[in-house]
Amino acid sequence: MSTVDPRATDAYRNDRAHVFHSWSAQALLDPLVITGGEGAWIWDESGNRYLDFSSQLMNTNIGHQHPKLVAAIKEQADTLCTIAPFHANPARSEAARLIADLAPGDLDMVFFTNGGAEANENAVRMARLHTGRQKVLATYRSYHGATAGSISLTGDPRRWPSEPAVPGAVHFWGPYPYRSAFGSTTEADETERALRHLADTIMVEGPSTIAAIILEPVVGTNGILVPPPGYLAGVRELCDNYGILLIADEVMAGFGRCGEWFSIDHWDVVPDLICFAKGVNSGYVPLGGVIISRRVADTFAERPYPGGLTYSGHPLACASAVASINIFKEEGLVERSRTMGDDVLGPRLREIGERHPAVGDVRGLGMFWAIELVRNRETREQLVPFNASGPAAAPVADVVAACKKQGLLVFAHFNRVHIVPPLVTSEADLLAGLAIVDDALSLADAHTT
Ligand SMILES: Cc1ncc(COP(=O)(O)O)c(C=O)c1O
């Protein structure tokens, strides 16, 4: 193993000179140069290893370099690397069959995209054409992607620089029991009040103008918000009352992340369209898509669907999805996610939370958890303000940096640290990583009052 300084490598120099990175002030970046990975671990050229509790961007659900997934991509590469979307192809057909099979209710056709944002764009296009209506309701605490339409649906501040946004997106408040927008103190109240707020929003926007409601059944980046019992069923009912389609954005929460194939399965609610990406093939090759109900698909039985992508159903991506879904089944990864959440992550995180005054709330399910940090448990004042950056964000950034120093990568958003490991992470690694988080949280405690 070389001990070369990663910053002295061509990879680092050329990155800094020529790679324009997502969401970043380019001159302020100092990326790790990652050259390898296996399972839940990644490493640089000098052999510095990191346990990845963020699954990269919450997408490497089966971990890095799964031999069967790598083999499937190689095999498809030897057979046929690419083919236009208007031909049929065995890898694409099988991926669509397997994905449709996993989906609830009458969702049984798949439109493939290259990622999550494009999936949401196309789901919204389908909903508009199916209903003949224009508006789409989305929650404030949401992220739906960075293309023009998807960033307009996004509720979080990443939308602000893209405004004025594409017309037709209307935002509303979803449930968030710990920090209720409605002043609720119980989950039952939160469900009732959030549904009343949504019903009021529909009323004043005009039900006959609304094509769809899009939501992350378990909100991801904006808080790992698990909906209180009855909420999603209530949204479904409102949609049915007014002929509005329900779009489940399962890009982050789907494919086992929450201990079910799709997070919405926890509540037995059937949406009209499901958007997926990320965990479908752990990002080994870019892939996303929309799973479409028969009723919506039939709208385009005789009438052409006005949307497409050169790489829709790319064979390498589809072959990797087929292999990935088979790996999930063979290794019981959906069940493993549920068990690790119930037996290891949940109990251990709650225990850690009790010990640290800076921990206001611990929540999640499966292998999808958030630690919400506060200055004061009574007032629930956030450890850092909404959308904090620079020095204002330091109290959380310091926790992340302390974890990284100990070889653990965690994702943080606003006043939360998210724990989202690959579903294959061993129990020993989960416990070792949580011990590092436990230590690092002492830095947050120092800011409490
Ligand atoms: C819920 C959700 N929807 C959509 C997206 C966008 O996906 P992509 O980055 O693949 O376009 C993301 C990405 O984080 C997401 O979390």
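First listed ligand is number 1; within each ligand, the first listed atom is number 1. All residue numbers refer to positions in the sequence shown, counting from 1. Note: hydrogens, waters and symmetry copies are ignored here, and every other heavy atom, side chains too, is used.
- Screening Leu225, Val219, Ile224 for a side chain to side chain contact (heavy atoms under 4.5 Å, CB included) with Asn222, the sole residue that qualifies is Val219.
- Judged as a salt bridge (Lys or Arg N to Asp or Glu O under 4.0 Å), and not counting sequence neighbours, the contacts of Asp240 are Arg236.
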Side-chain donor/acceptor pairs under 3.5 Å, residues 248-255, sequence neighbours excluded:
from, atom 1, to, atom 2, distance (Å)
Asp249, OD1, Val251, N, 3.0
Asp249, OD2, Asn120, ND2, 3.0
Asp249, OD2, His144, ND1, 2.7
Glu250, OE1, Gly254, N, 3.4
Glu250, OE1, Ser263, N, 2.8
Glu250, OE1, Ser263, OG, 3.0
Glu250, OE2, Ser263, N, 3.2
Glu250, OE2, Ser263, OG, 3.0
Glu250, OE2, Ile264, N, 2.9

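- Contact annotation: the side chain of Val280 never approaches that of Phe328 to less than 4.5 Å [non-hydrogen atoms, C-beta and beyond].
- Listed by chain and residue number, Phe20, His21, Ser24, Leu29 satisfy the side-chain contact (heavy atoms from CB on, under 4.5 Å) test with Gln26 (two or more places apart in sequence, or in another chain).
- Using a 4.0 Å heavy-atom criterion, the residues that approach ligand 1 are Gly115, Gly116, Ala117, Asn120, Tyr143, His144, Gly145, Glu216, Asp249, Val251, Met252, Lys278.
- At least one test fails for Arg141 against the ring of Tyr176: distance under 6.0 Å to the centre or angle within 45° of the axis.
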